[in-house]
Structures are given as C-alpha cells and as structure tokens.
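Report on one structure; see the data block that follows.
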Amino acid sequence: MQDLPSLFAKASQLAGRSFAELAAEVGLKVPKDLRRNKGWVGQLLEQQLGASAGSQQLQDFPELGVELKTIPIDATGKPLETTFVCTTPLVDIEQLSWEQSNVRNKLQCVLWIPIDGRREIALAERTVGTAFLWQPSAAQEQQLRQDWQEHMDRIALGQVEQISAHQGEVLQLRPKAANGRVKTQAIGPNGQLIETLPRGFYLKTSFTHSILRDVFNLP
DNA sequence: ACATGATCATCA
DNA sequence: TGATGATCATGT
C-alpha cells in the first residue's frame, strides 16, 4: 500500500461485504466457526488490504505508521471482545517510558474495522462494517499512559502476579499464552527472576465502545 | 519462546 | 450476561 488515502479507500470498500465473498477473493476457506480459528477474520482482512505479513513487532503498515485492528461488535454496535494490543515486557524495564512503549507505538494510529461478531450468524454470512482511522485524543492518551504506568510500576516492583484484569481504567493486563504451562521470566517479589505466565495489554470494551460511539455519533 | 491474529469458556 | 482468565492457530 503506497499511501494512507489508498489504504482507507480500500478498507472503506469492504463495508457491507460478507466474509464468504472476501475469503473467496483471496482463496481462503471459511471455517465452520472461530473456535479453532480465532484470528481468522483478522487474517482475512490483512490479506484483503495487503498488510505486510509477518510475526514482527511492527505495525501492520510500517511505512504508513498504521495498525490494523478488527473489532467484533453486536447488533447495537457494542464490542463483544477486548482488544489485544501487544505482549507485556516483564524484564529489562527499568528504563522503559510511555513514549517509547510498544503500547503507544501500536495505538498511535489505528485503522479500525468493525465486524459482525454475532455467533448466532453463520460465519460466512457475517459482514464487514465501516472502517475508520483513529488516533487517541489527548485525554485518551493520558488514560492509556496512566494505566500503562501503573501496570509497569507493579511489574517493576515484582508484583506482576498480583495484577488482575480489574486494574486499569482502559488498559488491562491479562494472560497471553498458548496455555497455562507457558512460562516467561519476570521480576519476582524480592527482585529475583521468576517464571510466570506471559501477559498482554488489552483495551477494555468500555474504551473501544466509547471510540465507536464517538466516531459514529451513537448514544 | 514469542510475535502475529484474536475468541472461547466459565463464573461471579 | 459481561468480564476474566484461559486458550487456539501459525510463522519465525
């Protein structure tokens, strides 16, 4: 993708189209459901939009500074799931600041694409919604920064295992792993290294809901 | 293991 | 019924 207007135009033209027809265009098979294919819709839209694929710590469109995120919504436009942002660093974090954090980098500019997430509708028949570009307002960035700082402070103090998803107004910390046996290093309560479950940063649904309401002028 | 893409399954 | 903690697939 060469420029932002082109990307946005292409994303806008996906509105109203079904997963079945979009999958056919790129030669994908529509799974029966998402139970064993949780990232399928995201990958479908990546292919449709030509995101620079890869499992790298980069935005989806590095040359444009844009991150692509699908967001499943119900019939009223409410998000059905939280939004994963990135893995949480648990060691070598003493020098880390919000300004250089992966959370801030990923959320600097997001191309949101709402999708029909209703499980009662067959996956193939679900459709894409209206894409929009978002950059956090000063107030939103302040909320994100504050939550990020509180989480990182606890992690630096060796309290990562005391953090629950209840903490954080807009940005929460939750497990992010293939299963409960996966381990990674973190700072322990006495400053030593411990093994713990990998964590990720997620946007709470109340936050993404407010983003959707702002953009679509909903109550 | 860790990055990407997320939703599932269960319980309060 | 909403949210938390757990989990699934794939590529490097």
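Proteins come first, then strands; the chains are lettered A, B, ... in the order of their sequence lines, and each starts at number 1.
Within residues 83-93 of chain A, the residues that have a heavy atom under 4.0 Å from DNA chain B are, in order of number, A:Phe84, A:Thr87. Against DNA chain B, the stretch residues 145-155 of chain A makes no heavy-atom approach under 4.0 Å. Listed by residue number, there are no residues of residues 102-130 of chain A with a heavy-atom contact under 4.0 Å to DNA chain C.
Of all heavy-atom pairs between A:Leu173 and A:Arg199, the closest is CG-CB, 4.0 Å.
An angle of 30°, rounded to 10°, separates the two end axes of the helix from B:dA1-C:dT12 to B:dA12-C:dT1, each defined over five pairs.
The pair A:Glu25-A:Arg17 meets the salt-bridge criterion, since a charged nitrogen lies less than 4.0 angstrom from a carboxylate oxygen.
Linking Ile, Leu, Val, Met, Phe, Trp and Tyr whenever their side-chain heavy atoms come within less than 4.5 Å leaves A:Leu80 and A:Leu44 in two separate clusters. Note on A:Leu111: it clusters hydrophobically with A:Leu64, by side-chain heavy-atom contacts below 4.5 Å among ILVMFWY residues. A:Leu22 and A:Val41 fall within a single hydrophobic cluster, where Ile, Leu, Val, Met, Phe, Trp and Tyr side chains are chained together by heavy-atom contacts under 4.5 Å.
Put simply, the side chain of A:Asn37 never gets that close to the backbone of A:Pro31: no donor and acceptor are under 3.5 Å apart. Listed for the A:Gln167 side chain is a donor-acceptor partner under 3.5 Å among the backbone atoms of A:Ser164. The closest donor-acceptor contact from the side chain of A:Asp60 to the backbone of A:Ala51 lies at 3.5 Å or more, if one exists at all.
Atom CD in A:Gln47 sits about 18 Å away from atom P in B:dT4, given to the nearest Å. We find that CG of A:Leu68 is positioned 13 Å from P of B:dT4, with the value rounded to whole Å. Spacing between atom CG of A:Leu44 and atom C1' of C:dT10 amounts to 16 Å, rounded to whole angstrom units. What separates CD of A:Gln59 from P of B:dA3 is a distance of 16 Å, to the nearest Å.
Annotation: side-chain hydrogen bond (donor to acceptor under 3.5 Å, both in side chains) contacts involving residues 175-195 of chain A, sequence neighbours excluded, are absent. Judged as a salt bridge (Lys or Arg N to Asp or Glu O under 4.0 Å), the pairs with a partner in residues 100-122 of chain A (not counting sequence neighbours) are, in order, A:Arg104-A:Glu141, A:Asp116-A:Arg118.
The residue A:Gln185 sits apart from the nucleic acid: no heavy atom pair falls under 4.0 Å.
Grouping Ile, Leu, Val, Met, Phe, Trp and Tyr by side-chain contacts under 4.5 Å, direct or through others, puts A:Phe84 with A:Tyr202. Grouped by direct or indirect side-chain proximity (heavy atoms under 4.5 Å, Ile/Leu/Val/Met/Phe/Trp/Tyr only), A:Val91 sits with A:Leu193.
Shown here are the side chain to side chain contact (heavy atoms under 4.5 Å, CB included) partners of A:Gln159, two or more places apart in sequence or in another chain: A:Arg154, A:Leu157, A:Gln162. Taking the side chain to side chain contact (heavy atoms under 4.5 Å, CB included) definition, one finds that A:Thr83 meets it with A:Lys69, A:Ile71, A:Trp112, A:Leu203, A:Thr208, sequence neighbours left out. A:Asp153 is linked by a side chain to side chain donor-acceptor pair (under 3.5 Å) to A:Gln149, counting only residues two or more places apart in sequence or in another chain.
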Could you run down nucleotides 2-9 of chain C 5' to 3' and tag each one B, S or - for protein heavy-atom contact under 4.0 Å? SSSBBBBS

